[in-house]
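These numbers come from the heavy atoms of this one structure, side chains and all, not from hydrogens, waters or symmetry mates. Bear in mind that the values here come from a model prediction, so they are computed numbers and not experimental data. We name chains A, B, ... by the order of the sequence lines, and we start the count at 1 in each one.
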Protein chains: 2
Amino acid sequence: MAKFDLVKFGPFRLNRLAAEVSAALSSEYQARYGLDIPEWRVIATLGFRNDACSAQYIAHCTRTHKSTISRAVTALMTRDLIERVENADDRREFRLRLTRQGHALYEELIPRLLRKEREILSCLSAQERKDFAGLLGKIEASLELVQTSKAASETEAY
Amino acid sequence: MAKFDLVKFGPFRLNRLAAEVSAALSSEYQARYGLDIPEWRVIATLGFRNDACSAQYIAHCTRTHKSTISRAVTALMTRDLIERVENADDRREFRLRLTRQGHALYEELIPRLLRKEREILSCLSAQERKDFAGLLGKIEASLELVQTSKAASETEAY
DNA sequence: TTTAGATGGTTGCAAATGAGACTATCTTAA
DNA sequence: TTAAGATAGTCTCATTTGCAACCATCTAAA
């Protein structure tokens, strides 16, 4: 019989861990600010790059389906957390950016999330945290989840 | 302004990686055997412990909602991959186990999944794989995702 | 210029899933 | 023995999300 234990199976562990970590963080953006995950991703992307960008770009770099992003954008606009302006160069797309309130929420939320992350990783030493990030990076790279410098330049239009 | 990059944020990376790995594996159990994730978890749990166990037990150790497991069990029974027998000691619960066909599927699927997992981790050296598993284990333990020996003995009735 | 195909974004639909009500059964204590 | 509460499993409902069709617009090539 094949020796196999689901509970020791890497992919399963990864899923379970990701779900658990998400749940831990959602108490911040969900319960506290009424944002769901896609909405949080939009806010985070816009907050990080402080210039405006398209919905497509957000979908791309967060690996979230464009319809999901579209719905999140609609919800955030009705709450006046983001705004969009037409792009004169290409009237199919909109430039999205945080409103003043959206930016305030972003600035308030980020430290909380970083603190949570630190809490979760506090079981590791500084060196271990570094190693973990490095190993994650290697796996991501081999799955082409992160843009190599070459790929990044090819897609820099985003 | 807070320095923050969603794409470098641990929890986000974890989610993205887990989703990608799941997608890579689903081509095996999904496309090839028509199993969805909950169904696969039931098969895997029953296959690993080759004695019968309850649906509740599967829900518990795979961290899947009991209604999701219930549906998976129903689907697998209609496909004759698992069977259930009444438990005379407690007539609320059923003992589940793989049928001959279910076991055959299990034995066929496991090597494929392990091969996929190896493929995904082939970007790491043997030592790195070991380190990665160890670090995952530490984080899981601190989130109490794995049973400590004490907790395990308390819940061994499952 | 016209036409074919690509792309940004929205929306309807269907599948998946968690929450929680519900039934049946078990356990414990009065 | 009876009653109160816990537990296993099923089912209905609401939410979430991916898919795919769709519209508007852009691009490229005939």
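Ion pairing between R41(B) and E39(B) fails under the 4.0 Å rule for side-chain N and carboxylate O. Contact check on E140(A) versus R16(B) returns a salt bridge, with a Lys/Arg side-chain nitrogen under 4.0 Å from an Asp/Glu carboxylate oxygen.
Figure legend: cation-pi geometry between R49(A) and Y57(A), with NZ or CZ positioned under 6.0 Å from the six-membered ring centre and within 45° of its axis.
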Checklist outcome for this item: Per-nt protein contacts along nucleotides 15-26 of chain D (heavy atom under 4.0 Å; B base, S backbone sugar-phosphate only, - none) come out as --BBBB---BBS

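N87(B) and E93(B) are linked by a side-chain donor-acceptor pair at a separation below 3.5 angstrom, with hydrogens and angles left out of the test.
In this structure, NE2 of H60(B) is placed 12 Å from C1' of dA8(D), rounded to the nearest angstrom. When rounded to the nearest whole Å, the span between CD1 of I82(A) and P of dG9(C) equals 11 Å. At whole-Å resolution of the value, CD1 in I69(B) and C1' in dA16(C) are 13 Å apart. For the pair I58(A) CD1 and dG9(C) C1', the interatomic distance rounds to 12 Å; values are reported in whole Å. Rounded to an integer number of Å, the gap from R41(B) CZ to dA16(C) C1' is 13 Å. Look at CD on E93(B): it is 16 Å from C1' on dT23(C), rounded to the nearest Å. As rounded to whole Å, 14 Å separates atom C1' of dC26(C) from atom CZ of F94(B).
S70(A) has a side-chain polar atom (N or O) that falls below the 4.0 Å cut-off from OP1 or OP2 of dT10(C). Contact between the side-chain N/O atoms of Q56(B) and the OP1/OP2 oxygens of dT7(D) is not found at any separation under 4.0 Å.
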Let me have the donor-acceptor pairs involving side chains of residues 126-136 of chain A, under 3.5 Å, with sequence neighbours excluded, atom names and distances please.
residue	atom	partner	partner atom	Å
Q127(A)	NE2	D131(A)	OD1	2.9
E128(A)	OE1	S125(A)	N	2.8
E128(A)	OE1	K138(B)	NZ	3.3
E128(A)	OE2	K138(B)	NZ	2.8
R129(A)	NH1	L121(A)	O	3.1
R129(A)	NH1	L124(A)	O	2.7

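Note on residues 20-39 of chain A: pairs passing ring-ring contact (aromatic ring centres under 6.0 Å, His included), not counting sequence neighbours, are Y29(A)-W40(A).
Using a 4.0 Å heavy-atom cutoff across all strands shown, R84(A) reaches sugar-phosphate atoms only and no base atom.
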